[in-house]
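Order of the sequence lines sets the chain letters (A, B, ...), proteins ahead of strands, with each chain counted from 1. Only heavy atoms go into these numbers, but all of them, side chains included; no hydrogens, no water, no symmetry mates. Small disclaimer: the values here were computed from a predicted structure and weren't measured.
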2 protein chains.
Amino acid sequence: MTPPRADAVRNRARILDTAEQVLVEHGTTVSTEEIAKAAGVGIGTLFRHFPTKEELIRGVFEARLERLAADATRLATEGDPATALPAFLRQAVEQSEVKNALAGMLASAGVDVHELSGAPQRALREALGTLLHKAQQAGTVRRDLEVPELIGLLAGTSKAMEYAGDAAGRHRILAVVLDGLRAT
Amino acid sequence: MTPPRADAVRNRARILDTAEQVLVEHGTTVSTEEIAKAAGVGIGTLFRHFPTKEELIRGVFEARLERLAADATRLATEGDPATALPAFLRQAVEQSEVKNALAGMLASAGVDVHELSGAPQRALREALGTLLHKAQQAGTVRRDLEVPELIGLLAGTSKAMEYAGDAAGRHRILAVVLDGLRAT
DNA sequence: GCAAAATAGAAGTCATCACTCCGCTTATCG
DNA sequence: CGATAAGCGGAGTGATGACTTCTATTTTGC
C-alpha cells in the first residue's frame, strides 16, 4: 500500500474536474476519449484511474455530493437554524443553475440514483437531516417534511430552474418552493 | 398526397405506443431493433415511419406533450377556474409518477428540450397560460408567476417525485409545491 | 380480384465507442 | 546520479447498433 505518485494524484483530480464540466455540458453520451482529451491526458491514463466509464461518472457524481454535504454541514453548524435550510437550498440550486444535470447524468448512464448508497450519499442525507430538524424546531419549516422529500425537492427545484427564462423567473421558482416549505 | 393506408396508420400508432413504454422502461439506450420487436413490426417498417432514432424519440415526446396539452385544455374549459390549475398539476405529476423520464429521455438523446418549439409545445404553453391566468384571476395562485416557471415547476415536481419513498412522501412534495403556488 | 402500397426481416455496411496492450517517460528513493 | 517501477500516451481491437437494401409475402382500396 505505497502512496500513489504525485502526478497520479494530480491527474486523477484533473480528470474528475474536467469530466464534470464536459459531462454536464454535453451529457453522458460524450466519448471517454473526448473527456481524456479535454483533461489533457491519454485514454490509457483515464482508464487506469477509472476502469469503466460508469465508474468515472459515479466518481464525478460522488464528488458533487460530497461538496453538497460539506456545504450543508457548514450551514448546519455555523448558520442560524431558522434560515440555514432555505439558505442551503438557495445556494445549492444557484450552484447547479448553469447546468443542472446532476442526477440526470447518472440516469442516462443507466445507473439508478436511488440505489446509490455510498458514503457521500449518507453524509448528505445526514447533514440535510440536521438542517431540516433545526429549521423545524425553529418553526420556519413545516413539520411534516422528511429527508427523502427534501432531497427530491432539491433535485426537482434544480430541474425546474432549467426552464426559467431569466434570473427573475428563477427567483420566482425558488420563491414558490421556499414559500411552500414554510410551516403552514 | 394520397392518404396513407389503414395498416400504415395502425402501425405508426403501434410503434409510438410501444416505443414509449420501452423507452421509458429501459432508457434511450435500447436498440431500435428491440423496439421494433416489442412493437411486433419489422425493422424496415420502423425505419420507414421514423427515418431516425431521434425522430422516433421526438415523436414519442411530442405525443406525450399533446396528451398533456389536451388534459390542460379540457380542465381550462370545463373545470373550476379556481382549482383547475392545481388539479392539472396533481394529475400530470401523478401520471408521470410511474416513470418520469419525460425530458430526461430527450436529454440523454442529445436533444435540447428547451429548443423544441413544435406545435405540441406551443399548444401546451397556451393551455397552461389559460389555466394560469384563470387561477390568478380567481385569486388562488400568486400573481407573479408566469408560464415558463409553471412548466419548470411541472417538470421539477415530476422529478422530485422520483425521490419520495412512498405515497405519503409524494403527497407531501405535492403539498409543498401547491402551497407555494398559492397567492401570498 | 387485382394493382399498388405496405410489411417482415435477413443480411450487410459503416461509424462509433468502450476498453486493452505495450513501448516509452518520469517521479521517487537510495 | 542512476536504477526501477509507477505512471503515461495513444494506436489498435472487438462489439454494438443505427441505418440500408432487397425479396418474398401480405394487406388494402377500388
Next item on the list: Please name the pair of heavy atoms, one in B/Ala92 and one in B/Leu68, separated by the smallest distance, quoted to 0.1 Å.
Entry: CB-CD2, 3.8 Å
Pair up each side-chain donor or acceptor in residues 129-138 of chain B with any protein partner under 3.5 Å, not counting sequence neighbours, and list the distances.
{"residue": "B/Thr130", "atom": "OG1", "partner": "B/Glu126", "partner atom": "O", "Å": "3.0"}
{"residue": "B/His133", "atom": "ND1", "partner": "B/Gly129", "partner atom": "O", "Å": "3.1"}
{"residue": "B/Lys134", "atom": "NZ", "partner": "B/Ala76", "partner atom": "O", "Å": "2.7"}
{"residue": "B/Gln136", "atom": "NE2", "partner": "B/Arg142", "partner atom": "O", "Å": "3.0"}
{"residue": "B/Gln136", "atom": "NE2", "partner": "B/Arg143", "partner atom": "O", "Å": "3.4"}
{"residue": "B/Gln136", "atom": "NE2", "partner": "B/Leu145", "partner atom": "O", "Å": "3.1"}

Without decimals, in angstroms, what is the distance between [X] [atom1] and [N] [atom2]?
| X | N | atom1 | atom2 | value |
| --- | --- | --- | --- | --- |
| A/Arg12 | D/dC8 | CZ | C1' | 16 Å |
| B/Arg14 | C/dA8 | CZ | C1' | 13 Å |
| A/Lys37 | C/dC17 | NZ | C1' | 13 Å |

Notebook entry, point to check: So, is B/Asn11 close to the C/dA6 phosphate, meaning a side-chain N or O under 4.0 Å from OP1 or OP2?
Noted result: no
Margin query: With a 4.0 Å cutoff (strictly under), does any side-chain N or O of A/His49 reach OP1 or OP2 of D/dC8?
Written below: yes
Checklist line | Dot-bracket line, read 5' to 3' along DNA chain D, where crossing pairs take [ ] and | marks a partner on another strand, Watson-Crick or G-U under 3.5 Å | finding: ||||||||||||||||||||||||||||||
side-chain contact (heavy atoms from CB on, under 4.5 Å) partners of [X], counting only residues at least two apart:
| X | value |
| --- | --- |
| A/Ile43 | A/Glu33, A/Phe47 |
| B/Ala13 | none |
| A/Glu146 | A/Pro148, A/Glu149, B/Arg172 |

Item checked: Qualifying side chain to side chain donor-acceptor pair (under 3.5 Å) pairs, either residue in residues 75-84 of chain A, two or more places apart -> none
Item checked: side chain to side chain donor-acceptor pair (under 3.5 Å) pairs, two or more places apart, involving residues 6-19 of chain B -> B/Arg5-B/Asp7
Notebook entry, point to check: Which residues satisfy the side chain to side chain donor-acceptor pair (under 3.5 Å) test with B/Arg90, sequence neighbours excluded?
Noted result: none
Note to self: Strictly under 4.0 angstrom, non-hydrogen atoms only: write out the protein contact profile of nucleotides 13-27 of chain D, one letter per nucleotide from the 5' end, B, S or -.
What the structure shows: -----SBB------B
